[in-house]
Structures are given as C-alpha cells and as structure tokens.
Amino acid sequence: MTISPTGLSLTSRLPIVGSDIIKASWRRCFTDYHLDPLDRRGPPLASRNTLKVLQGEMAEMLSDSTMIINRLRGVAREVDRIVLIANADGIIVSNHADSPISQEILREGFAIGSILHEQHVGTNGIGTCIASRQPITINAEAHFNKAFRGFTCSAAPVFGPDGSVLAAIDISGRLRSDRAEGNFAQHFIYEAAQLISLLLFRKKHKSDCIVLLSNAEDTIPFSTQALVATDETGKILGATADGFACLGVSDLQALAGRSLSDICKANFSELKPLSGQSLRLQTPGGGIAYATAFMDKKPAAAIAVRKSRPAITALATRPLERIAGRDAAMGEIVAICRKIIDRDIPLLVLGETGVGKDTLARAIHAESARAGKPYIAVNCAAIPATLLASELFGYAPGTFTDGCKEGRIGKIAASTGGTLFLDEIGDMPLDLQAHLLQVLEDRIVTPLGSTAAVPVDVKIICATHRDLQSMVQAGRFRQDLYYRIRGAQFVIPALRQRSDLEALVAAVIRDEAQSEGYPSVAIAAGVLALFNRYPWPGNIRELRNVIRYALSLHSDEQEIQIAHLPDQLLEFWRQEAVIEPQQNLDNADAANLDKSGMTTYSNRPTRPTLKAAGALAERQRILDVLNSLNWNIAVAAGQLGISRATLHRKMRLHAIAKRKGLGAVRGR
C-alpha cells in the first residue's frame, strides 16, 4: 500500500466502477467520438512500420522496467491474466501471456499493435487511464465497446519527469464474480506504474538537486513519492506526479520555467542537504509541506567542473548503493527499498543460499530511520526447534531449570525500535509460526512462562531460499503468516545471473586484501573467464571464500591464476576442459601452448586438435619425467627446465597427482 503526500491511503485515491471518471469517458464516447456502444468490432491495428517505430521509442523504458514488469507478469500468471504495455496513444507495444488461458485472451483484441485509444474503442482500461491520467479498473458493462464486456481491465498511466503520460500498463482478464480480485489487480498495476515513473525520474535527474516534499517534518522522508528536481538556482526541471500535484500543476509546461521559491514563497538557499533540517513551505493550495534536499546542490561555478570529472555524491557510498553494484536488477530492488524503507511494511527477501539476503537487510536497516537502533538477526534453521521459541520470545525467571535465574529477553523484544531479521523463515516450526503471527498482528510479545505482555515496535524483514508458496500449498507453512510477512517481496538474483560479476570480483579482492593487509593483486583473464562460466552454487558467499583462499595461499603472487583456485573450481575447469595456458604459465613456457589451447581428460575426442594435442603432450612429458625420477620434484623441475613452483602449478593445472604406492594418477 502506498501513502500519498496528503496522507491518504492508496484505496482512497483509486476510482471505482461507476465513478465520475467512467461517466466522463462515456460522455466523450457519445459527444466527442460519436461511437456506438453496440459495436462489437475489435480495435484497429497500427501498421507494421508504425509499430516498429513505436517499439524503438519505448525500448529503453521497457528495458529499464524489466524487473517490475516481470513481477507483474508473475501476479498475472497466477490469475490467468495478461499484461499489456501501451504507448501514450494507447497502442499496445508489448504484451505478455504466461498461462494457457491468458494466451487465449490475447487473441480477443489485445494483440501487439492494437489501438485502444478511447476514440477508437471507447471506455477501456488503457484508453481511459491515459485520457484521465488516473489508474482505473473497467469491469464488464463499464466498457463502452460491447466486444470488451466479458473482461475486467485494470490500468495505470506511467508519467515522464515532465509530467506527461508516456505509457500505460494494464492487467486484463476474463470477468469473474469476485470483485475483490479486480481491486487486487488494480493495486498491483498502480504500484508498478508508480515504480516505473519513479525510475524514469531518477534516471533523468540523477545529477540534479532533488527536493522531497512531505506532510511530515522528517529529515529525509524516503517514503514520499513527491519529488521535485531543480538546478543549482532552484529552477524546476521536473517532478514526479505527486510532486507536480503538491505544486498545484499537472506537468512541467504549466510551470513555465518558474523556481521552487516562486511557487512556495520560500528561500531555496535555506534548503540544506543532509543537514538534519527541513524547510516549511506553503503549497499553492494553501497547505503545509516540508521540503528536504537529499542531493548536494552545486554552486554555479561547479557546472564546468562537473563536465570534466564524474560527480561524486553522498549517495554513492550509502549501504544500499554499495550492494546494488552495477547490476540493473539489484538497482531496481534498491529503488523499491528506498521507496518503502520507513513504511510499516514487512519485507520478504527471497533468493538462493549465499546471494546476500542478510547483507540487503543490514543495508536497509542502515539507511532507515531505525539505523541508530538494534539490528538483530535470527537464523531459524540454525537454532534447534526446542530452543527457537525461547530465543525469539524470551522467558520469565524460573521458567527453565537450566535457564538463567533472571530470565532472558527474547530477540523480538531486544530489537524493539530497530529491525529484526528472520533468516530462513521457511524452516520455522508450524507452532512457532502461529506465535509469530500473533506478535506481528498485536505488536506485543509474551515471554515464555509469563503472562505480562511487552509492547514491541520492530521492523520485520524475513528471508528464505525456500518456495514458500509451495510450502503453503503443502501445509508446511501458514498461509496467514505468509501473507503477513510478504508486505513487499524482493528476489535477489543469483550470482550467475548478475551482469556485474567482474566488478563484484574486483570489489571482493580489494576488500579481502585490505582487511588482511595483503598487497594489491590482479586477476588473470582466464580466471575471470572461468568465473563467468562457473555456476556459483554458493553465490557471493562462495565467491568471497574462493578469493580468500587464493589470497591466503598465494599472497606473494602478483596475479590470481587458475592454479591458485580451490578444488571445486579446478574440478569444474577440468570437466569442461578449458585450458588458459598463456594466463597460467610462466612467460618462458608460453610458447609451448597456444593461448586458447583446449583439452579434455574425459570423453577425449579421437582426433584432438593441434592445440589440444600440445596440452596433452606437455602433460605426458611431465608424467614421464616424474615417473623416471621416482617423483623427485626438485630434480624433475631441473630436467624440465622450470622452477619447482612452476612444476607444482603445472601439476595442478593438468590434474597430475601421485597416490601412495600407485604412481601417477590422471584427473577424473
């Protein structure tokens, strides 16, 4: 649920079927468009060339909002609905049908290129939300065109930073008797449209001064969506839809180049970014708002400097910014987190083991208003079920024979005022789930063995690598608790899915080297290539351990090479049979093998390539010398003309090992 700058709830801002917006749309259909409500013809189609141009114009927006659209598709799939994205003229440029029933719906008037503007098909979700600039649900008979009266359509406009309607997104499906389901879809579509609009705004004005307007005197009210972008003098460059509403206009054009000071009768120079102060303003409508700048204003003289070097703001070092890295999906998650960070909304973080769920939770806490309060993490899978209840809820004096005589405060009560992170919530026993649900509902906790209820004020963040929906269906996780903790849900991408792996590797190497006092170390190109192919089942946790291992054992090396990696990486390398000799051998030995030489020790082709044959020949030569010298490494290295360290490295590279009493053994 989203709170507007006026303090109204989301529900109060959404029109309902039969509202004035729909009535006004019907009037336009009769008087302006002269349409026939009995017309059953489907929508007209844009030409192929026109559609190609429109898709090109919207390609960047669609790419930036991929994660949001995918989340919307997941919701639509569960209820057999389609997701439509249209441009500002109501022409569908993208559609998604992820279930058999929804694929049938697409063929009934929702194909790509369909024109759903009101003047062509009358009152409908996409056309009417564009015309009214409001989110809307159109059910059954509320559709003007008879062909659409078997459907329910929930749509919302996407606004550009200048206040214009750029697009509309829609969830449509067959009409059902459950009206609550329509409201459910409308909430999701409204939230998605707001998120996309916010992303477009931040991208457009990332180098400008951003002013947050709120009805609360918060230092930095991240929860507000009323944002205004200005230049160094206070001239308004753009705003979000809520920002324009606070200024009493609908778009940038209506401001005609005016400054924030002109409109709100305030001195722009009094805004002090990150100073702990807000400026009290009087809005054009006569209301009171508080303004806070959260990006540092640059003096006019700094404009030329900004062009010559990258701008560095306080935001760049904030915790959420650091964990987002350069990955677009993580950037989307951070944008959503910042939007709801201080709302009373429980968060559910999903993702594979090791992706950094706890790291995200800590970053959320560090950037929230609760940052100065406790952050307490509880791993529900690591604590025996018999002890988990006392860990969470605490116990009164004398409750347990072997317990503390004074009793013990539980993790929930200890985290009051701050954040409680429940990791692996999917492993919590069912009986404790009921107790946790009661705590979340009543905001009180009763220690074991006591009747005294303790009030708690805590931000709940839960995480798991399990499929909670499947567990709910199987009766292994309470449905009511699932919906209670899933106020907002984030899925952290696995390391193999991230687009910034190389940047992450560099950051981990830098962190580990600095923490252990190691000198700066490079990483071989062949190692990076291997990292990009490796599936990383342990994700970032495994990456950190791999780097830590390589640095600990080979801290005197100037470059991390394949031979320095732990066994699971070497085993993967051997199995896929990729050899990077130029990166792993001394310069004196580089001529023996080509850079991209390849060999396979298992399933070896009957006719190996010249490159593979060279690698095999080197391996066999090393084996022959070692066997002839009874595995005397020092003498063998001298006979091969290489150092002992290089010989050991080549043995690891070629999986050469000696089993006691059995001689040399080739790799698996």
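Note that these values count all heavy atoms, side chains included, but never hydrogens, waters or copies made by symmetry.
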Minimal heavy-atom distance between Pro161 and Leu200, with the atoms involved, is CG-O, 3.7 Å

Residues Phe531, Leu565; criterion side-chain contact (heavy atoms from CB on, under 4.5 Å); working and verdict
CA-CA 11 Å; Phe531 281 4; Leu565 302 177; 4.2 Å; yes

- Between the side chains of Glu424 and Asn379, does any donor sit under 3.5 Å from an acceptor? no

Run the salt-bridge test on Asp342 and Arg370 with the 4.0 Å N-O cut-off and return the result as yes or no.
no

query = Regarding Tyr482 and Arg478, is there a side-chain donor-to-acceptor distance under 3.5 Å anywhere?
reply = no

Requested in this report: Please step through salt bridge (charged side-chain N to carboxylate O under 4.0 Å, His left out) for the pair Arg326 and Glu502, ending with a clear verdict.
Outcome: CA-CA 10 Å; Arg326 302 174 185 173; Glu502 293 189 11; over 6 Å; no

On a heavy-atom basis, the closest approach of Arg541 and Thr353 is NH1-CG2, 3.2 Å

Report task. Look only at the side chain of Arg548 and the backbone of Glu512, and say whether a donor-acceptor pair between them is shorter than 3.5 Å. Result -> no

**Message:** Under 3.5 Å, is there a donor on one side chain and an acceptor on the other for Asp457 and Thr416?
**Reply:** no

Quick note, ring pair (Phe, Tyr, Trp, His ring centres under 6.0 Å) partners involving residues 343-374, not counting sequence neighbours, are His365-Tyr375

* Any side-chain heavy atom of Asn632 sitting closer than 4.5 Å to one from Leu626? -> no

One should read off an interatomic distance between Thr66 OG1 and Glu332 CD, to the nearest 0.5 angstrom, of 7.5 Å

In short, Arg484 meets Leu440 closest at the heavy-atom pair NH2-O, 3.0 Å

Shortest non-hydrogen pair, Ala377 vs Asp358, comes out as CB-OD1, 4.2 Å

query = Should Asp423 and Lys357 count as an ion pair when the cut-off is N to O under 4.0 Å?
reply = no

Notebook entry, point to check: Is Glu60 paired with Lys203 through a side-chain N to carboxylate O contact shorter than 4.0 Å?
Noted result: yes

Subject >> NZ/NE/NH1/NH2 to OD/OE distance under 4.0 Å, Arg338 and Glu321 >> reply: yes

Q) Would you find a donor on one side and an acceptor on the other, under 3.5 Å apart, between the side chain of Lys459 and the backbone of Ser368? A) no

Exercise. Parallel, tilted or perpendicular: which fits the ring planes of Phe201 and His205, with parallel below 30° and perpendicular above 60°?
Worked result: tilted

- Is any side-chain N of the basic residue among Arg73 and Glu78 closer than 4.0 Å to the acidic one's carboxylate O? no

